[in-house]
Q: 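Structure below; questions to follow.
Numbered from 1 within each chain, the chains take letters A, B, ... in sequence-line order. The figures here come from the full heavy-atom set of this structure, side chains too, leaving out hydrogens, waters and symmetry mates.
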Amino acid sequence: MKLPPEFWTYLKVVLLVATVPAIVGFVIVLAERRIMGFMQARLGPNRVGPQGLLQGLADLVKLVTKEDITPAKAEKAVHFLSPVLAVIPALTALAVIPFGPPIKVGKTSIPLWVADINVGLLFLLAITSIGVYGIILGGWSSNNKYSLLGGLRSAAQLVSYEVPMGLSLVSVLLMTRSLSLVEIVHRQQATHLWFVFPGLIAFFIYFVSGVAETNRNPFDLPEAESELVSGFNTEYSGVKFAFFFLGEYTAMIVISCVAVTVFFGGWLAPFPNVPALDFLDAVPGAVWFLLKVSGFIFGYIWFRSTFPRYRFDQLMALGWKWLIPIALANILVVAFAILLFPGRTTGLVWLSWIFGGLFVVMYLLAKVRQKLTRRDRLAATPQTVEG
Amino acid sequence: VTDEKISQAEKDEAAYFAERAKAAAAAAAPEGPHDRTLFDVQEMELNFGPQHPSTHGVLRLVLRVDGEKILEAKPDVGYLHRGTEKLFETETYPMGIPHTDRMDYVAAATNNHAFCLAVEKLLAVEIPRRAQLIRVILDELQRLSSHLVWLGTSGIDLGAVTPFWYAFREREQILDFFEEYCGARLTLNCMRIGGLPFDLTPGWTERVSEFVRDLPSRIDDYEQLLTDNRIWKKRTVGVGVISAEECIEWGLTGPILRASGKEWDLRRAQPYECYGELDFFIPTRQNGDTYDRYIVRVQEMRQSARILQQCLERLAPGEIRGKVPRVIKPVAEEVYASIESPKGELGFYCVSNGTNKPYRMHVRPPSFINLQALPRLAKGHLVSDLVALIGTIDIVLGEVDR
């Protein structure tokens with residue numbers, strides 16, 4: 001039987017659309033709740049199925065059977081469309097993510113990505129920005145003051161954090177000279193250097209912006225349960241709420257996937273230079289990719305259970321006064337390092353060492369400062385209980 | 001009052017009404033197309049509560065906001081009003097104690113204590129030493145549990161979810177101690193006029209001392225998550241600053257006053273029970289902001305642990321109730337007795353007319369009086385800060401509304 005050439009593409013699209021929500025519902029949400037439970041000295045959901053594995057199913061049933069409420073004074077059409085607007089772009093963005101190296105089925109080689117377009121990174125930035133509209137319009141159309149505040153917050157927050165995110169990716173583009181995500185991975189394979197090392201600063205800026213883009217702690221201001229009572233999604237229930245939920249978690253996956261692809265070598269195994277660790281290559285690339293993405297998702301969960309929430313003006317200050325200037329300076333430094341040794345990676349290796357050193361020094365300084373201020377704090381009160 | 005003055009007052013009144021009518025007309029007049037631009041200040045009235053997760057109960061705040069900036073915050077209390085003060089008048093003195101449980105329901109023991117102190121002052125009864133020590137132990141355990149609730153909930157208000165679970169883990173242990181002592185976990189009803197209802201169960205003191213021994217390291221855990229956390233500091237330092245003078249003018253007491261630099265703690269200033277002989281510090285800070293109030297409360301928890309340790313060491317067998325008549329009929333007199341509750345000065349003003357029921361019982365609730373300062377503290381801050389401020393004042397609506 002001869003398959004039409006589009007067959008595999010369609011199959012992959014169907015698989016993505018079918019599996020990602022399932023992964024979100026069954027794996028990530030459960031993992032988040034269990035891991036947070038572990039971090040917070042409690043158990044988390046463990047009743048539905050063994051170890052709570054079927055919790056996702058129970059949640060799904062609950063959300064689907066819930067009454068779907070549209071407030072009387074809501075902007076009906078927009079209110080209906082915005083959850084869709086939150087999910088579709090996030091799922092679309094996954095189309096350009098290379099999940100692994102092409103696999104061979106018989107004679108045909110099937111790439112593990114839906115599309116490798118030459119402006120992949122640009123496409124990603126563009127399409128994920130559209131997801132913001134879902135939140136803004138959802139907040140506005142609910143005709144609820146809290147939702148409106150949430151929508152406004154997200155409008156400002158997401159627009160501001162697009163900028164440092166884009167700028168941090170620019171410095172990577174200088175290293176790859178390609179916007180195609182597959183090409184970026186190939187380039188890291190060729191240079192034997194994950195771009196997280198020369199792009200350490202870019203990576204930090206990217207990930208911080210990414211967390212802010214996905215409205216997660218400590219930047220979860222648009223939904224801020226304790227201030228805005230869930231903010232933009234207050235007036236959503238049932239399946240519409242589930243869509244917002246799905247959109248948020250899919251966006252998390254997208255951000256993590258891009259971080260892995262651009263900075264952590266995508267599907268590549270670690271330590272390609274060390275012969276003793278060659279056995280790592282036996283693990284399929286897609287598994288490495290998933291492992292790395294899981295690491296990032298874990299980071300998201302860890303943040304959530306550790307950090308308090310930023311205040312709105314502080315969030316803006318962080319974005320505009322710190323991340324954007326640093327990202328700009330970083331572009332200059334990276335460009336300089338590349339220009340210094342044209343056509344070779346020497347500059348990037350040097351940059352890796354410098355950034356690594358800088359990181360260690362800053363970490364130590366922060367530790368020292370913490371020690372000093374702690375002593376100040378304790379000295380201010382007469383004396384604390386000893387022993 | 002002379003005629004001249006009356007006419008002046010009338011003139012003032014007329015002028016006032018004329019001005020109000022003018023303002024109302026101006027507000028009602030339709031606006032021209034050029035009146036509103038994109039950059040005009042557009043105020044919005046936001047109803048914050050009574051069903052809001054961060055108002056710690058049924059507090060309602062009417063906010064006038066410009067964007068997220070608070071121009072005015074008007075607290076609207078009374079949703080939990082149960083007429084407790086009137087109830088005291090209808091029931092005999094001992095029957096009043098359970099009503100106090102329902103006031104500050106996260107710190108029932110201190111409420112019981114303050115009520116009993118007021119009646120004991122009327123009766124001029126001597127409290128046996130063992131009862132005094134156990135009362136102090138119960139008070140300090142209650143202070144710990146109240147501060148733990150405060151720590152957890154105000155952390156959640158600012159988005160730090162994890163300290164809540166740690167704090168409640170310890171609180172759960174304290175509630176277990178209460179349950180073992182008097183059978184109840186929240187509404188304790190654990191004191192009687194003249195002493196205590198029960199003696200301690202065997203092994204109770206050992207278990208409490210073990211808990212107290214572990215407590216400083218547990219408090220270190222909370223501090224590790226919050227004290228040096230950049231975001232926590234950003235959210236609390238410089239938020240809701242109030243000076244000691246202002247605190248005194250507003251009548252604010254408790255950790256709020258101490259965080260502004262005034263070393264005022266009734267346990268030290270007017271020692272009741274056996275606080276006079278105990279060795280502890282009164283933590284104070286200078287800046288009077290939310291962060292300092294946080295530090296003061298955490299330090300107070302450490303001091304409570306110290307007090308508990310000392311009391312447990314001093315416990316010796318003895319009487320637990322003083323010589324109180326069967327029917328309590330104090331002489332006709334007025335007294336005021338107050339203690340340092342976890343939230344501040346909790347006082348009972350009792351007027352007796354010689355019968356077995358109080359003629360009038362007035363409560364000085366620290367939550368209510370501290371809450372007054374909220375509009376002053378919140379003005380000019382953002383909605384997010386308001387949540388932090390409600391948390392830092394540490395109100396319990398049962399006590400605010402009574």
Side-chain angles (χ1 to χ4, degrees), chain A residues 36-44 144-146 148-150 152-153 156 216-221 223-231 234 302-318 366-367 369-374 376-378 380-387, chain B residues 44-48 51-54 65 67-68 153 155-166 168-169 213 215-216 219 223 225-232 234-236 239 280-286 292 295-296 299 302-306 309 381-388 391:
Chain A
M36 278 185 72
F38 170 70
M39 288 176 177
Q40 296 171 342
R42 60 193 175 90
L43 291 172
N144 170 324
K145 285 171 183 170
Y146 287 102
L148 180 66
L149 282 178
L152 286 177
R153 278 182 177 190
R216 294 280 300 186
N217 277 45
F219 306 108
D220 62 338
L221 294 117
E223 38 193 316
E225 290 151 76
S226 58
E227 297 159 20
L228 300 183
V229 217
S230 299
T234 308
W302 195 2
F303 285 176
R304 181 167 169 196
S305 56
T306 315
F307 288 132
R309 186 182 303 120
Y310 266 105
R311 201 171 64 201
F312 187 62
D313 56 324
Q314 293 164 349
L315 179 86
M316 286 292 143
L318 181 72
K367 275 280 159 217
R369 184 165 161 244
Q370 202 179 17
K371 276 250 155 61
L372 290 177
T373 50
R374 176 167 285 231
D376 280 356
R377 202 181 64 242
L378 294 180
T381 47
Q383 203 183 348
T384 47
V385 56
E386 297 295 336
Chain B
M44 181 167 86
E45 205 176 65
L46 190 64
N47 196 21
F48 201 84
Q51 280 117 6
H52 187 284
S54 303
V65 290
E68 291 218 10
T153 51
I156 280 200
D157 289 346
L158 295 186
V161 195
T162 305
F164 177 85
W165 304 99
Y166 289 129
F168 268 57
R169 180 184 62 190
R213 215 171 29 246
L215 196 66
I219 298 173
E223 284 217 69
L225 274 166
L226 295 177
T227 306
D228 284 326
N229 188 320
R230 283 185 83 88
I231 305 177
W232 179 257
K234 276 202 149 177
R235 287 301 304 276
T236 53
V239 172
F280 62 98
F281 293 112
I282 296 165
T284 53
R285 295 277 288 186
Q286 301 305 319
D292 279 5
I295 294 283
V296 163
Q299 300 282 7
R302 294 184 189 275
Q303 296 302 324
S304 284
R306 245 178 107 177
Q309 218 161 17
H381 281 303
L382 301 178
V383 174
S384 320
D385 292 327
L386 179 71
V387 168

Q: Residues two or more places apart in sequence or in another chain: which of them pass side-chain contact (heavy atoms from CB on, under 4.5 Å) with Ala160(B)?
A: Pro308(A), Pro163(B), Leu226(B)

Q: Between Asp385(B), Val383(B), Leu225(B), which residue shows the highest count of heavy-atom pairs closer than 4.5 Å to chain A?
A: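 Top count of heavy-atom pairs under 4.5 Å with chain A: Asp385(B).
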
Q: Within the distance-only criterion (no hydrogens, no angle test), does the side chain of Gln40(A) pair as donor or acceptor with the backbone N or O of Tyr166(B) below 3.5 angstrom?
A: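 Absent.
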
Q: With chain A, which of Arg213(B), Arg169(B), Lys234(B), Gln286(B) has the greatest number of heavy-atom pairs at distances under 4.5 Å?
A: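 Most pairs with chain A among the choices: Lys234(B).
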
Q: Relative to chain B, which segment of Arg311(A) carries a heavy atom at a distance below 4.5 Å: side chain, backbone, both, or neither?
A: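 Both backbone and side chain.
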
Q: Set out, in order, the CA-CA distance, both residues' side-chain angles and the distance that settles side-chain contact (heavy atoms from CB on, under 4.5 Å) for Arg153(A) and Ser384(B), then state yes or no.
A: CA-CA 12 Å; Arg153(A) 278 182 177 190; Ser384(B) 320; 3.0 Å; yes

Q: Determine, stepwise, if the pair Thr306(A) / Thr162(B) fulfils side-chain contact (heavy atoms from CB on, under 4.5 Å).
A: CA-CA 7 Å; Thr306(A) 315; Thr162(B) 305; 5.9 Å; no

Q: Could you state the interatomic distance from CD1 (Ile231(B)) to OH (Tyr310(A)), rounded to the nearest 0.5 Å?
A: 4.5 Å

Q: With side chains defined as the heavy atoms from C-beta onward, is the minimum distance between Arg42(A) and Phe168(B) less than 4.5 Å?
A: no

Q: Hey, which of Leu382(B), Val65(B), Val296(B) has the most heavy atom pairs under 4.5 Å with chain A?
A: Leu382(B)

Q: Check the pair Leu149(A) / Leu46(B) against side-chain contact (heavy atoms from CB on, under 4.5 Å), numbers first and verdict last.
A: CA-CA 10 Å; Leu149(A) 282 178; Leu46(B) 190 64; 4.0 Å; yes

Q: Do Arg235(B) side-chain atoms and Arg309(A) backbone N/O form a donor-acceptor pair below 3.5 Å?
A: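 Yes, because the side chain of Arg235(B) sits within donor-acceptor range (under 3.5 Å) of the backbone of Arg309(A).
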
Q: Nearest 0.5 Å, what's the CH2-CE distance between Trp165(B) and Met36(A)?
A: 8.5 Å

